[in-house]
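One structure is given below, encoded as structure tokens.
Just so it is clear, the model here is predicted, and its values are computed rather than measured.
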Amino acid sequence: MSFNFDKDTDWIFTFCKSCWDYKKFIFDKPINFFKAKKQKALCISCKNCQNINLEEAREYYCHLNDNNK
């Protein structure tokens with residue numbers, strides 16, 4: 001299953017700098033991967049708020065999409 005960038009979503013899995021693992025992050029509002037460069041999100045495991053680099057996250061999910069075609 002590939003990631004749909006057109007669908008409003010307010011969470012992603014990305015690397016947590018506190019947990020040192022890939023965790024689910026929840027955002028206050030839907031993510032705009034194409035306008036914002038960074039956005040704050042909350043790790044559901046450690047409850048720490050972190051700045052998420054959306055450019056890196058977009059590249060990561062695009063790479064996953066390429067592998068799932």
Side-chain angles (χ1 to χ4, degrees):
M1 185 175 151
S2 62
F3 190 83
N4 185 352
F5 289 101
D6 297 326
K7 185 175 120 183
D8 280 347
T9 188
D10 62 353
W11 63 272
I12 59 171
F13 282 96
T14 193
F15 188 77
C16 177
K17 296 171 189 152
S18 297
C19 298
W20 285 89
D21 199 4
Y22 278 82
K23 299 293 182 179
K24 184 176 183 179
F25 280 83
I26 299 180
F27 295 80
D28 289 338
K29 58 185 178 181
I31 307 163
N32 188 332
F33 285 98
F34 301 103
K35 288 187 180 178
K37 290 188 179 191
K38 290 186 178 182
Q39 195 170 332
K40 289 190 180 213
L42 182 71
C43 174
I44 64 163
S45 293
C46 67
K47 306 295 187 216
N48 285 336
C49 190
Q50 298 177 30
N51 279 324
I52 304 299
N53 185 327
L54 295 177
E55 291 175 332
E56 287 179 4
R58 183 179 66 232
E59 288 177 18
Y60 172 77
Y61 280 102
C62 283
H63 181 69
L64 285 178
N65 285 353
D66 289 343
N67 290 333
N68 287 322
K69 289 183 181 179

Within-4.5 Å side-chain heavy-atom neighbours: S18 and C43: no

Heavy-atom check, side chain of C46 versus side chain of C16, under 4.5 Å: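 They are in side-chain contact.
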
Measuring from [X]:[atom1] to [Y]:[atom2], what's the distance to the nearest 0.5 Å?
X: Q50; Y: K38; atom1: CD; atom2: NZ; answer: 11.5 Å
X: N51; Y: K37; atom1: CG; atom2: NZ; answer: 14.0 Å
X: R58; Y: I31; atom1: CZ; atom2: CD1; answer: 12.0 Å
X: I44; Y: F25; atom1: CD1; atom2: CZ; answer: 9.5 Å

Closest non-hydrogen atom pair, P30 against Q39: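 For P30 versus Q39, the nearest heavy atoms are O-NE2, 4.1 Å.
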
D28 atom CG: more than 12 heavy-atom contacts under 6.0 Å: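 No - once you tally the heavy atoms of other residues, nucleotides and ligands closer than 6.0 Å, there are 12 at most.
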
Member of T9, L42, I12 meeting the side chain to side chain contact (heavy atoms under 4.5 Å, CB included) criterion with F27: I12

